[in-house]
*Asks:* 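This is the structure, below, for whatever I ask next.
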Amino acid sequence: MIKSVLYRFFAFLTKAWPLLSNQFKLLKTKNMAFNKRVKIQELFTQDYVGKEIVLMGWVRTKRSNKNVSFIALNDGSTIKNYQIVADPNQIDEELLKKATTGACLKIKGTVVASQGAGQSTELVASHIEVLGEADAEKYPLQPKKHSLEFLREIAHLRMRTNTFGAVFRVRHALAFAVHKYFNDKGFFYIHTPIITASDAEGAGETFKVTTLDLKNPPLTEDGSINYKEDFFERETNLTVSGQLEGELAAMGLGEIYTFGPTFRAENSNTARHLAEFWMIEPEMAFYDAEDNQNLAEDFLKYVINYALENCQDDLEFLDKRAAEEETSKKADQRSELGLLERLKFVVNNDFERLTYTEAIDILKNSNHNKKKKFQYLVESWGVDLQSEHERYLVEKHFKKPVILTDYPKEIKAFYMRQNDDGKTVAAMDILFPGIGEIVGGSQREERLEKLTQRMEEMHIPTEEMWWYLDTRRFGATPHAGFGLGFERLVQFVTGMGNIRDVIAFPRTPGHAEF
RNA sequence: UCCUCCUUAGCUCAGUUGGUUAGAGCACAUGACUGUUAAUCAUGGGGUCCUAGGUUCAAGCCCUAGAGGGGGAGCCA
């Protein structure tokens, strides 16, 4: 009897073992720390008082007197520093001397309630190990405010500052929120190619991709470069957009998005352009222009709200930072809302939606235009809007994000769906205060004849694009999508004025140092 | 690419009408201080005034050219 029970039990174990062991593995992974240190962030969310722990991090400042040293330590897990108390009777003085600003330390000690006013707990050190010294004479970062321009020149070190720590934690949260939003909505993440052969998007200058010897390239009979001998046996470049491939994917998977690097070789020197940036491009079968607008607005509100809920400390810091910057601006250039107020406002209010035609009317009749305060006066329907006009609409007239729709077809790309009026296309641009265009999108032209006709008008080679046109030949359906510049989103949420300060290692004309 | 402003100590910046030895705060070094919060106080070291040329008895300051950076514009996300 006992034997049979035992036998059954072992039989069960044998069968179930792979499953159980998998469960154990999962449990193990969940609780596994890869080293024994405690992250500073945990010290603010869990009670460690009385416990002996190990911290690792970088010295921000050290304050000393005869009897005691205080080290403000930061490990990047949070913007908050943690106070280390070092008694010179306990810790070797020579060792403490090496704990200069920027040095990396491993500290063993006990968490206690703080005697001082600025923090509720602190770590009384029993052992300090200097993992990496930082020669105070040479280390460029000091416990003071540095200019963003200076920090840009030492981009390899700037993550160690409060500002850039905050920016990159927020950037991460936004990137994560992008994936979460689309995943929760049943969208599929598509990796569109980085190297492409099509130069037909019309989205600007491209970077060439080649393995040919640039000093001595193979030539054809007429003297031009023979790309047949190149790696791909054709001319290739870095992608300027994943949209066209995204459309192909949406025609089978329904709703997809891309989130990848994008390259533009434009000689753009502005606070909102990069040569290498990250773009999010959802593409949806069965969506019309209005569905597209609804998705874009909902998406933007979601990711901004996600940052508000998950990056409170960092955003509060950036809010104060932005407020200080504001004081140095001229009165007429200051924004009415602070950073946090602005983010909450965007999350809680509907975007203003209007057509290009309505926008032109507003601009034409504005006092600003009548008093000739625009550099480019708005006189007739059909002109492209200048950034001063977009800013006027967003910052002065509506004072909220604006979705502009139905632009003249002449100023928009070939793939946008032509409206019945014969003059406009189902485009949409979303304009944000301080940033300008953050989203550009449209319902796509799904009608083969209309699309090929427009391509021919705009001198886009239809033969090369046979694969794109095939989606209109076989099982075509109304569909729509948009592109969102990720760095511009990060700019808006962090309040950083220059796009070069929201990407780790910016690529701009003349700059690829790090 | 165009317009415009800027470049003085490791960092942030002042420097008068062209006139003697170029300044401050922070940082750094030394010292003081019984728990600090970008600690404080005292003392000290630290300069190719972006580069090249020019004007002048004399240039950080004026002129020309170049380099680097900021802001704005275009292109766009």
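Keep in mind it's a predicted model, so treat the numbers as computed, not measured. A, B, ... follow the sequence lines: proteins, then strands. Residue 1 opens every chain.
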*Asks:* Report yes or no: do Glu247(A) and Tyr468(A) form a side-chain donor-acceptor pair below 3.5 Å?
*Replies:* yes
*Asks:* Within 45 degrees of the ring normal and closer than 6.0 Å to the centroid, is that where the cationic atom of Lys51(A) sits relative to Tyr48(A)?
*Replies:* yes
*Asks:* Please list residues of residues 371-395 of chain A whose heavy atoms come under 4.0 Å from any atom in RNA chain B, ordered by number; otherwise none.
*Replies:* Gln386(A), Ser387(A)
*Asks:* Using the ring of Phe44(A) (Phe, Tyr or Trp, six-membered ring only), decide whether Lys80(A) places NZ or CZ under 6.0 Å from its centre and within 45 degrees of its axis.
*Replies:* yes
*Asks:* Is the cationic atom of Lys301(A) (NZ for Lys, CZ for Arg) positioned less than 6.0 Å from the six-membered ring centroid of Phe351(A) and within 45 degrees of its normal?
*Replies:* yes
*Asks:* Quote, to the nearest angstrom, the C1' distance that separates rG54(B) from rA58(B).
*Replies:* 15 Å
*Asks:* Students often get this wrong, so: under 4.0 angstrom with heavy atoms, is Phe277(A) touching a base, only sugar-phosphate, or nothing?
*Replies:* base
*Asks:* For atom P, what is the distance between rU20(B) and rA59(B), given to the nearest Å?
*Replies:* 12 Å
*Asks:* Using 30° and 60° as the class boundaries, would you call the ring planes of Tyr407(A) and Tyr356(A) parallel, tilted or perpendicular?
*Replies:* tilted
*Asks:* Distances under 3.5 Å only, N/O to N/O: pair up the protein atoms with those of nucleotides 67-70 of chain B.
*Replies:*
residue: rG69(B); atom: OP1; partner: His511(A); partner atom: NE2; Å: 2.5
residue: rG70(B); atom: OP1; partner: Arg152(A); partner atom: NH1; Å: 2.7
residue: rG70(B); atom: OP1; partner: Arg500(A); partner atom: NH1; Å: 3.4

*Asks:* Mind checking if Ala72(A) touches a base, just sugar-phosphate, or nothing, with heavy atoms under 4.0 Å?
*Replies:* nothing
*Asks:* How does each nucleotide of nucleotides 38-49 of chain B score, in 5' to 3' order, for protein heavy atoms under 4.0 Å: base (B), sugar-phosphate only (S), or none (-)?
*Replies:* BB----------
*Asks:* Using the closest heavy atom to pick a nucleotide of RNA chain B for each, name whichever of Gly116(A) or Thr100(A) lands nearer the 5' end.
*Replies:* Thr100(A)
*Asks:* What is the nucleic acid contact for Gln115(A), judged by heavy atoms within less than 4.0 Å: base, sugar-phosphate only, or nothing?
*Replies:* base
*Asks:* Could you work out, with salt bridge (charged side-chain N to carboxylate O under 4.0 Å, His left out) as the rule, every residue matching Glu395(A), not counting sequence neighbours?
*Replies:* Arg391(A)
*Asks:* Within the 4.0 Å heavy-atom criterion, would you say Leu274(A) contacts the bases, only the backbone, or no part of the nucleic acid?
*Replies:* base
*Asks:* List RNA chain B stems (3 or more consecutive Watson-Crick/G-U pairs, under 3.5 Å)?
*Replies:* B:1-7 with B:67-73, B:10-13 with B:23-26, B:28-32 with B:40-44, B:50-54 with B:62-66
*Asks:* Angle between ring planes, Phe207(A) versus Phe263(A), binned at 30° and 60°: parallel, tilted or perpendicular?
*Replies:* perpendicular
*Asks:* Once salt bridge (charged side-chain N to carboxylate O under 4.0 Å, His left out) is applied, do any residues pair with Arg342(A), and if so which ones, sequence neighbours excluded?
*Replies:* none
*Asks:* Considering only the C1' atoms, how many Å lie between rU17(B) and rA65(B), rounded to the nearest integer?
*Replies:* 27 Å
*Asks:* In terms of ring plane angle, is the pair Tyr392(A) and Phe374(A) parallel, tilted or perpendicular, where the classes change at 30° and 60°?
*Replies:* perpendicular
*Asks:* Measuring only the C1' atom in each nucleotide, how far is rG66(B) from rU30(B)? A whole number of Å is fine.
*Replies:* 44 Å
